[in-house]
Structure formats: C-alpha cells, structure tokens
Protein chains: 2
Amino acid sequence: MLCPDGGCQDPPAGTGRPPRHPPPTVIEMPRTAVFSGRTVTRPTIDDIARRAGVSKSAVSFALNDRPGVSPATRERILRVAAEMNWRPHKAARALGGARADAVGLVVARPAQTIGAEPFFGLLLAGLQSGLSARSVALHLMIVEDTAAEIEVYRRWTSERHVDGFVVVDLQHRDRRVPVLEELGVPAVVLGGPSGHGTLPGVWADDREAMLSLVDYLAALGHRRIAHVAGDEAFHHTRRRMRALKDAARRLHLADAVSVPTDFSDAQGASATRALLSGPRRPTALVFDSDVMAVAGLAVAAEMGVAVPAGLSVVSFEDSLLTRIVHPSITALGRDTFGLGGQVAATLLAAIDEPGSVRDVKTATPRLTVRESTRAPYPRTTA
Amino acid sequence: MLCPDGGCQDPPAGTGRPPRHPPPTVIEMPRTAVFSGRTVTRPTIDDIARRAGVSKSAVSFALNDRPGVSPATRERILRVAAEMNWRPHKAARALGGARADAVGLVVARPAQTIGAEPFFGLLLAGLQSGLSARSVALHLMIVEDTAAEIEVYRRWTSERHVDGFVVVDLQHRDRRVPVLEELGVPAVVLGGPSGHGTLPGVWADDREAMLSLVDYLAALGHRRIAHVAGDEAFHHTRRRMRALKDAARRLHLADAVSVPTDFSDAQGASATRALLSGPRRPTALVFDSDVMAVAGLAVAAEMGVAVPAGLSVVSFEDSLLTRIVHPSITALGRDTFGLGGQVAATLLAAIDEPGSVRDVKTATPRLTVRESTRAPYPRTTA
DNA sequence: GGGTTTAACTAAACCGCTCTAGTAAAAGGG
DNA sequence: CCCTTTTACTAGAGCGGTTTAGTTAAACCC
C-alpha cells in the first residue's frame with residue numbers, strides 16, 4: 001500500500017505529461033522556500049499525493065473531511081500529511097474564494113491614548129480570545145484620523161484582507177457607518193443603541209448606569225454632583241450627560257453639571273481644579289474614565305480636599321487603576337474582557353450569516369463601592 | 001485607441017478558445033463577490049486588460065512599474081485601473097511567492113495584564129506606526145502560554161501568514177529563540193543584550209539605568225534601598241537585580257535587597273508591605289513597573305508612611321500612571337512608542353535583508369524626578 | 001445477466017496575479 | 001540591405017489549494 005521511502009511518482013497509471021520548463025533533475029524533494037538565506041521545506045498537497053500514491057483531489061478531500069475517499073485511504077493520507085508536517089497555505093485557500101480568516105480593528109486615536117487606557121488593552125485581549133477560539137486572526141491598525149481609517153476599510157475590503165471589522169469609538173453622526181454599509185462588509189460597532197445604522201451594535205446601557213450611579217450618590221446625601229465627561233463627539237458621552245440631567249431633574253438635585261473634556265488626564269485635572277475652585281463646590285465628582293478619575297484624585301489631594309471626607313469620587317470605568325490608588329475609587333465596572341469576547345462572537349456570527357445578527361445589549365455596568373465615596377458633610381445638604 | 005464603452009474582448013487577434021463550462025451568457029461584467037447578501041464588484045487585471053485592449057501581462061507590468069510597456073500604454077492602463085477602482089488581491093499575490101506584508105506579535109500573558117500596563121499599548125502603537133509607514137499589517141495574537149505561542153510561530157510561518165515576528169518578554173533560557181532560529185523566519189527580540197541567540201535584539205541598557213538610579217538615591221543620602229523586582233524568569237529582571245547588587249557593593253550601601261514578584265499589583269503591594277514592616281525599613285523603594293509603584297504608594301499611604309518624607313519611591317518604568325498619581329512618582333522613562341518604531345524598523349530590515357541586521361541598543365532610560373523622592377531623615381544615615 | 005446506481009478516485013479548470021519565454025516589428029549597425 | 005539588437009507586447013505556466021466533471025469498477029436490483 002505504502003510507497004517505498006523516497007516517494008513514488010504517480011504509481012497507478014500516471015499520464016506523465018512532460019514537465020514544461022527545463023526538466024528538473026530531482027523531483028522528489030518537496031519544494032523549498034528561502035527565508036533569511038536558509039531554506040525551509042514546505043510540503044504541498046502535491047507532495048502528499050505523490051507520497052500517498054493518490055491524486056491531489058483525493059488529498060484535498062481527505063484533508064477537508066469531504067466524501068470521495070475511502071476511510072482507509074483517508075487515514076493513510078492524513079498520516080502522510082502529518083508525517084510531512086503539512087499545513088495549508090493561507091493565500092492559496094483565500095484565492096479559491098475562501099475566508100481570509102481574519103478581522104480588522106482600525107483605530108484612529110493619538111498613539112499615546114492607546115496605551116494609556118486599560119480599557120483598550122482589555123478589549124483587545126477579549127476580542128483576541130474570542131477570535132482565536134475559531135482561529136481567526138486580528139489585524140490591528142492604528143491610524144491618524146477618521147479619513148485614514150475609512151481608507152483602510154476600503155483597502156482591506158477590496159483586497160479581501162479581512163472578513164469583517166470591529167468599529168470602536170462610535171461618534172455622533174459617524175462617517176464610518178455609511179461607508180461600511182456601502183462596502184457591504186460585515187462589521188460590528190461597539191456602541192449603541194443607536195447611531196450605527198444597519199450595522200449590529202454591541203452596547204452597554206450607559207444611561208441606566210448613570211441613573212443608578214446618581215441614585216447611589218443621592219442616597220448618600222449628595223445634592224451637588226459634577227460630571228467630568230469625555231468627548232462630546234462620542235455617542236456614549238452624550239448619553240451619559242443627558243442621563244445625568246434627567247436624573248438630576250427627577251431627584252431635584254441642587255446642581256448637576258457636566259464638563260466635557262478630551263478624555264486626557266490633563267483636561268480631567270483642569271476640569272477638576274475648576275470645579276473644586278468654583279463657588280458652589282460639588283460634593284461628588286463623577287469621572288467618565290479611570291485615568292481622569294485618578295488625575296482628579298491627585299488634584300483634590302494637592303488642593304487639600306480630602307477624599308472621601310470632603311469629596312466623593314466615582315469613576316465611570318473600572319480597572320486596575322481605580323483599585324490600586326489610595327484611596328481606591330468607587331467605580332462602575334463592566335467586564336471589558338468579556339465585552340471583547342461578545343464583540344468577537346457577534347462579528348463572527350455576522351460573517352457566517354449576514355443579516356441574522358441583531359444588536360447585543362451587554363450587562364449594565366455595576367457599581368463597586370470602594371474608599372472614595374461617603375456621605376457628604378451636613379452643610380452641603382443644601 | 002480606447003475601446004468603446006462596455007469593454008472590448010481581446011481586440012487584437014484573440015485566439016478565442018471556447019469557454020470550458022457552460023458558456024456564460026454575459027461576459028462583460030467584472031466578476032462579483034457576495035458579502036452579506038449584497039454583491040460587491042471587484043475588477044481583476046483581466047477586466048482591466050479587456051477594457052484597455054491589452055494583455056493581462058501588460059497590465060501587470062504597468063501596475064507594478066516594470067519595463068515592458070510603452071509610457072503611453074502604461075498611462076492608459078493606469079487610468080483604466082483607477083477608473084475601475086482596481087486593487088490587488090492580496091492572496092493572489094502572496095500565492096505567487098510574494099510577501100504577506102504582515103508581521104506577527106504573539107503574546108503569552110494573562111489577558112488582564114495586557115490591559116493593565118501602559119507599556120504594552122504604547123509599544124503596540126509604536127510598532128504599528130513604524131509598520132504602517134510601509135503598509136505592513138500587524139497580526140496580533142494573545143495566547144495562554146509559551147507552548148501555544150510556539151505553536152502559533154510554527155503555524156503562521158508555514159502558512160506564510162506573516163513575514164516575521166516580534167518577540168517580547170524575553171526570558172532566561174528562552175525556549176522560543178531556538179524554535180524561531182530553526183524555523184528560519186525573520187524575528188526581532190525585544191530584550192538583550194544576550195539570551196536571544198542569533199536573532200537580532202532591540203534592548204535598553206537596564207544595568208546602566210539601575211546604576212544611575214542607585215547613584216541618584218545614594219547622592220540624596222539613601223543607604224537602605226529595596227527593589228521590588230519583576231519576574232525572575234525575565235531576562236531584564238535578573239539584570240536589574242544584579243546591577244543593584246553591584247551598585248550597592250561599590251557604594252557601600254547598608255542594605256540593598258531585591259524582592260522578585262510576578263509583576264502584579266497584588267504582589268507589588270504585599271512586597272511593599274513586607275519591606276515596610278521589617279526591622280530595617282528601607283528609606284527608598286525601587287519598583288520594576290509603574291503599576292507596582294502605584295500599588296506600593298497606596299500601601300505606604302495606608303500604613304501611614306509619608307511619601308516622600310518617610311519613604312522615597314522610584315519606578316523603573318514611566319508612564320501616564322506615574323504622572324497622574326499624588327505624589328507623582330520619580331521614574332526612569334524611556335520612549336516606549338519610539339521603541340516600538342525601532343523594533344518595527346529592525347524587523348523590516350531583517351525581512352528585507354536577512355543577516356544584515358545586528359542588535360540595536362536604544363537610549364538608556366533617563367530619570368524624571370518628580371515628587372516621590374527626597375533625602376531621607378538623618379536617622380537613617382546609618 | 002443486463003442495466004442502473006453508487007463509491008472511490010482522477011483529471012483538470014479555476015481563483016488573481018506574476019513572470020518567463022516567445023514573437024513581431026522597429027531600430028540600429030556595418 | 002541584411003543581420004542583430006531592442007522594444008513592446010502576448011501567451012501561458014505556475015503559485016497551492018478547491019471543486020466540478022468524468023472514469024472506472026464494484027454493488028445492487030429485478
């Protein structure tokens with residue numbers, strides 16, 4: 001059954017059409033590729049076919065678990081393939097119209113920001129973990145601005161470089177959404193519940209979260225709450241600001257102001273300084289990000305405002321940061337890693353069965369109470 | 001010259017061999033692909049050739065800036081290609097033996113860690129920025145352990161999925177190095193100056209940095225310095241520990257102990273607690289990472305040890321974190337973003353011209369003095 | 001036992017692009 | 001003016017898979 005070592009060539013009824021170019025002197029060795037001067041052998045299904053004494057097609061059938069080969073032959077082919085340490089050539093498969101088995105994540109942010117926020121890294125890790133379970137790779141690209149981001153969407157789509165995209169940082173009237181819709185490529189937007197057109201969105205209920213947060217602070221006795229918000233261009237920032245307003249009205253709070261920033265520690269710090277120096281100093285500060293919360297904490301310390309005695313601090317985003325500082329910061333936590341996994345699952349579903357996928361609402365962030373919050377001094381119960 | 005609209009088929013002397021399968025009724029339209037139920041047109045060089053009235057080869061020559069077409073024809077072809085919004089099909093090119101135009105970064109770390117450290121995100125951003133200048137994509141993979149990491153190296157190499165790898169977290173007697181050498185794939189190791197075999201390494205002089213750091217603390221009057229180190233499995237951790245020992249001997253310090261940890265905030269905190277509760281309390285603590293430094297700062301605050309009055313704190317790694325906490329932390333800073341760029345450049349060079357690349361020593365980290373360091377109380381000048 | 005079905009396998013088209021070999025015409029050379 | 005060289009182009013092999021159509025030979029059915 002098995003060919004003698006060294007490989008046999010087309011044993012049963014080989015047509016043996018002559019090789020086209022100068023006939024190679026040796027045809028037994030699997031073709032080699034050159035990497036850094038050293039040659040690396042790389043068997044193809046042709047090599048396997050020759051060794052196993054069957055045709056290319058039989059090998060393909062066997063390797064892909066398709067009918068058309070007998071169990072015995074199948075097993076033999078698989079054994080030979082394993083022996084030769086064969087792996088499919090991605091490009092060759094892709095050329096045949098198969099998937100790229102990769103999804104793209106293109107981020108338009110100043111590079112420094114990427115590293116700064118734990119959020120991004122965790123999301124990345126969760127995304128990866130969800131994708132790698134299905135052996136789908138993640139192509140990451142960091143670009144200057146939205147225009148460049150859109151260009152990458154166009155290029156990668158037409159090059160069939162990826163099977164779909166993950167879109168982050170959903171903005172108000174986001175320009176990327178119509179482009180992706182037009183390209184017709186599967187994509188999942190991190191954000192919602194609106195503003196992402198027909199693309200499926202994965203979102204957490206920021207509104208609900210803000211309402212519960214304000215409820216908690218009000219229950220403690222806080223009547224003057226300020227919100228150091230993120231960038232107003234972002235969808236979720238706007239939702240949070242609106243939710244604070246609504247909660248304040250419902251609870252008849254004395255003060256409830258939102259100050260937009262660019263998410264940077266610098267602007268977070270200066271907003272905090274301004275709020276704490278104002279005439280009607282808030283008794284509680286809500287920060288839209290962990291980085292800003294920590295920066296705000298430092299400002300309070302510098303200004304001699306004790307936390308939580310003189311000021312309660314809450315972060316809208318939980319992470320390592322809020323845990324390790326002193327005092328540790330009460331924060332709304334969501335499972336960012338898990339979120340990444342959900343996004344991955346949604347995107348894979350959208351790739352497999354376009355149209356079948358609808359929005360996914362993730363668990364509403366829950367409050368972890370730490371050292372930075374407490375009832376305000378009586379005097380502030382204006 | 002130009003064909004009439006609608007496309008002309010093989011105008012000059014077309015052989016016109018009959019189509020093999022059922023002859024298509026319409027052959028004018030460029031082939032289409034289906035994405036999510038909608039069809040997306042995707043012209044191939046054949047479509048361009050037909051439209052421009054030339055052969056496939058001529059189109060290929062024109063698009064790749066190769067000789068073999070007259071300037072006039074070349075221009076015409078380029079115009080048609082632009083009109084049809086043609087883009088090369090990556091897989092098709094790759095199949096011909098071309099580059100994958102991508103490099104891989106495989107990280108074996110607990111997912112949570114990825115997000116925690118600003119270092120990683122910054123490195124990623126710098127890497128990306130260096131790569132995208134040459135339109136090389138980054139394939140990111142996060143795996144469980146080193147075994148899985150090695151498996152990915154093997155798979156991606158044989159699948160021709162990437163042209164090279166970036167290797168991070170160099171360990172003592174690193175198992176990955178011999179595998180990559182055996183695979184013969186271009187790879188750059190972040191770390192050095194030794195332990196990475198024949199692979200080029202990009203490294204910062206941790207030894208030099210530690211020496212200068214201890215010099216600084218000693219000059220302030222500190223004689224008892226403790227070092228909350230990272231994981232001893234890592235190469236750079238060992239180098240730092242050894243450097244501290246050497247510096248202590250040279251400067252005749254009273255105490256200079258290194259406590260290894262797993263880099264986590266928890267172990268950083270407990271190490272700090274242990275050191276501060278001991279009989280001969282150090283007057284200065286050096287932390288191997290920014291996260292541990294911040295955690296250590298919190299422990300000091302809890303224990304009522306004032307920083308910098310009763311304890312100086314230094315971080316071996318600078319980032320946003322060390323800047324935003326209060327007191328801000330004196331830290332050894334390196335340009336992590338730039339480092340990523342250097343790694344990218346080195347890897348691209350290694351891919352282009354294997355063997356030509358040697359190790360790259362980056363700038364030695366420099367100390368940024370902030371609020372967390374000061375001369376110790378006289379009593380400790382034992 | 002003749003005809004039909006099925007299983008197991010082979011041949012080769014095909015995906016989109018690159019690149020070598022070949023060809024005809026124009027240019028150059030003595 | 002004939003021969004060689006160069007230029008501008010075409011044909012088609014080849015990359016490594018998948019997949020369809022075709023080819024046996026065995027199995028099945030009255």
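Chain A is the first sequence line, chain B the second, and so forth, proteins listed ahead of strands; every chain is numbered from 1. From a predicted model like this one, the values you see are computed outputs, not experimental measurements. Side chains included, hydrogens not; waters and symmetry mates left out as well; all remaining heavy atoms used.
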Out of [options], which has the shortest distance to the side chain of [X]?
X        : options                   : answer
Trp86(A) : dG17(D), dC15(C), dT20(D) : dG17(D)
Leu95(A) : dA8(C), dG16(C), dA11(D)  : dG16(C)
Asn64(B) : dC19(C), dT18(D), dT18(C) : dT18(C)
Ile45(A) : dA11(D), dT18(D), dG16(D) : dT18(D)

Are there more than 12 heavy atoms of other residues, nucleotides or ligands under 6.0 Å from atom [atom1] of [X]?
X         : atom1 : result
Glu83(A)  : CD    : yes
Glu353(A) : CD    : no
Glu151(B) : CD    : yes

Rounded to the nearest angstrom, tell me the gap between atom [atom1] in [X] and atom [atom2] in [N].
X         : N       : atom1 : atom2 : result
Asp46(B)  : dC15(C) : CG    : C1'   : 11 Å
Arg160(A) : dG16(C) : CZ    : C1'   : 12 Å
Arg93(A)  : dG16(C) : CZ    : P     : 18 Å
His161(A) : dG16(C) : NE2   : C1'   : 16 Å
Asp101(A) : dT18(D) : CG    : C1'   : 15 Å
Leu63(B)  : dG16(C) : CG    : P     : 15 Å
Phe61(B)  : dC19(C) : CZ    : P     : 8 Å
His89(B)  : dG17(D) : NE2   : C1'   : 13 Å

dG16(D) phosphate, OP1 or OP2, under 4.0 Å from Thr44(A) side-chain N/O: no
Phosphate-side-chain proximity, Ser70(B) and dA8(D), N/O vs OP1/OP2 below 4.0 Å: no
Side-chain donor/acceptor contact of Lys56(A) with base of dG17(D) under 3.5 Å: yes
Side chain Ser57(B) and base dA11(D) donor-acceptor under 3.5 Å: yes
Sugar-phosphate, base or nothing in reach of Pro67(A), heavy atoms under 4.0 Å: nothing
Sugar-phosphate, base or nothing in reach of Arg74(A), heavy atoms under 4.0 Å: nothing
N-O pairing of Glu182(A) and Arg154(A) below 4.0 Å: yes
Electrostatic pair Asp101(A)-Arg134(A), nearest N-O below 4.0 angstrom: no
DNA chain D: 5'-proximal contact among Ala92(A) and Ala58(A) (nearest heavy atom): Ala92(A)
